[in-house]
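Below is one structure; the comments refer to it alone.
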Protein chains: 4
Amino acid sequence: MAGHFSQTIILGNVGKDPEIRTTQGGQKVASFTLATSETWKDKQSGEQREKTEWHRVVCWNEGVTSVIERFVRKGSKVQVVGQNQTRKWTDQSGQDRYTTEVVIKRFGGDLVLCGERGGDGGSSPQQSQPRQRNSQQRSGGWDAPSGDNLDDEIPF
Amino acid sequence: MAGHFSQTIILGNVGKDPEIRTTQGGQKVASFTLATSETWKDKQSGEQREKTEWHRVVCWNEGVTSVIERFVRKGSKVQVVGQNQTRKWTDQSGQDRYTTEVVIKRFGGDLVLCGERGGDGGSSPQQSQPRQRNSQQRSGGWDAPSGDNLDDEIPF
Amino acid sequence: MAGHFSQTIILGNVGKDPEIRTTQGGQKVASFTLATSETWKDKQSGEQREKTEWHRVVCWNEGVTSVIERFVRKGSKVQVVGQNQTRKWTDQSGQDRYTTEVVIKRFGGDLVLCGERGGDGGSSPQQSQPRQRNSQQRSGGWDAPSGDNLDDEIPF
Amino acid sequence: MAGHFSQTIILGNVGKDPEIRTTQGGQKVASFTLATSETWKDKQSGEQREKTEWHRVVCWNEGVTSVIERFVRKGSKVQVVGQNQTRKWTDQSGQDRYTTEVVIKRFGGDLVLCGERGGDGGSSPQQSQPRQRNSQQRSGGWDAPSGDNLDDEIPF
DNA sequence: TTTT
DNA sequence: TTTT
């Protein structure tokens, strides 16, 4: 209702199971990463090329966080509607760093579930039943992440 | 045409005159920053609060770059349609850094001119005539930037 | 939060002063038309061509309606964010008719004021003061493409 | 690149197999309908309610039409990115009628395949192989809300 | 750095 | 880290 507008829409695949944390004030916050891939034919070499872009998503919307917690996991295809927000933090050496995230807020924020990757021998429509968190489950037949130091490899 | 989608729309005000540079391959590239502000009433204190978000925009679309060069300057209100892209670079201490930008590309990218801030005593409809680059003009009656070290203050 | 998504964004010029009406339940509803024009060069003839598309906008969001009532009028440049909705009605001969509108609803709906068309000799920053309704004012020098019989030419 | 912007994004389910026709000039054009459903709890009665909106989609983009022809069919979940366009036609009684469609054009238009509705016992990943047109297949177990007489109920 |  |  003002003179500005900011909206980011990402429809992609979730890279890892979302993290759900609770603020000191008791609010649940969800975060995960989304991958979008583009393929094109290189004009010069004629080769098929692909580039994957990773997007960090953070959700402060209570209702949407609840949906994420229940239905979103590694490999899910989802669309998020939010706003770009750049947040300042300090790294271990004391230097300022900045990270840009797509933030799903109270109004205008949204999440659309587009379904899992099918054909994986999963026995049940996982999207329609609560997911067991903290379990030993290997999500949807996929390989587990190759390690826990993933954060070191992700640029945010 | 694939299984993914990525789009960022920002309608805001341009922070400084765009930079136009030419790649070694001869391609013109434009970049500038866009500010979007939000105001809301704090529930607890009842005070009016405001937050400004800065977005870095880069344009690799030839036609759009040409429009930016001619018509966009500090203070312009424009809408850009592009895609988030995180680019890696190395800072002076040799550390990896990441910057997220809204990139206007060949297809699906767009720029909409929404007009200048009016009432500044400007004598002519600046949006409809070419802008004099490299001139001494002070854009639209605004204060000039407070210095040239602005880059140090912008988180990208 | 479901499996579907619908969003229409129109940034254009308002064709006529908005109509504000009140439902029997006391809710204010605003409606107006927005024009978007495209120009392109005809490949065959090489001539410059232009096409104007008219969009009907209806607003059921109380806050946004209030902004429309105060600040939007013929010639205003605004952006609306809403959803396509096709409504059935009966014409004078008793036949079913359908009209598609962009509906601004409670959540996710939005209106962005992009300013009036400038250069009209207007003496005051009209966007920042209440508008005089029902006055003889001619709006900002902007003319809807086709005169005053717009109703005859617009399919709604 | 001008002063206007128009974009409609619909992520929904395809109501019937798309129609592919060829213009006299030899251009292929695809058209289909997309359903988006919303559910909400009625404030007064507390009942769960649902509303389905139908959107007519037309595609003049050659590459996208080719993808539609091969991969989209009744029940597919797809996202389209296009522009609202209202077209005039004459009904049997000679009266003017208007139909609004989401048009996918050359630039900025897009189609995203989000997968079929799963759990239908289908034996193969249908999205990754050409579709058999004109076959007796019943699509993916997904039923458009209202049977096979869809044409009678859809206002286009 | 913008704008309201 | 995802997906195709």
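Here is how names work: the chains are called A, B, and so on, in the same order as the sequence lines, proteins then strands, and each is numbered from 1. Predicted model, so just to flag it, every value in this text is computed and none were measured.
- For the pair B:L11 CG and E:dT4 P, the computed distance is 13 Å after rounding to whole Å.
- If you measure from atom CD of B:E53 to atom C1' of E:dT2, you get 13 Å, rounded to the nearest angstrom.
- Both thresholds, 5.5 Å between centres and 30° between ring planes, are met by A:W54 relative to the base of F:dT1, so the two rings are stacked.
- Judged as a salt bridge (Lys or Arg N to Asp or Glu O under 4.0 Å), and not counting sequence neighbours, the contacts of B:K51 are B:E53.
- In the set E:dT1, E:dT3, F:dT1, the nucleotide with an atom closest to the side chain of B:S37 is E:dT3.
- For E:dT2, its base sits under 3.5 Å from the side chain of B:T52 at one donor and acceptor pair at least.
- The minimum heavy-atom distance between A:S6 and B:H55, with the atom names listed, is OG-CE1, 3.8 Å.
- Here A:K74 reaches the OP1 or OP2 of F:dT2: one of its side-chain N or O atoms lies under 4.0 Å away.
- Side-chain contact between B:V102 and B:N84 is present, with at least one heavy-atom pair separated by less than 4.5 Å.
- Every salt bridge (Lys or Arg N to Asp or Glu O under 4.0 Å) that A:K88 has, sequence neighbours left out, goes to A:D96.
- If you check F:dT2, E:dT2, F:dT1 against the side chain of B:A35, the one that comes closest is E:dT2.
- A:N13 has its CG atom 16 Å from the P atom of F:dT1, to the nearest Å.
- Between the base of F:dT1 and the side chain of A:T33 there is a donor-acceptor pair shorter than 3.5 Å.
- Rounded to whole Å, the distance from CG on A:D17 to C1' on F:dT3 is 16 Å.
- The side chain of A:E50 lies closest to F:dT3, out of E:dT1, E:dT3, F:dT3.
- Atom CZ of B:F32 and atom P of E:dT2 are 16 Å apart (whole Å).
- For A:T36 against F:dT2, a side-chain-to-base donor-acceptor contact under 3.5 Å is absent.
- Atom CZ in D:F71 sits roughly 19 Å away from atom P in F:dT3 (whole-Å rounding).
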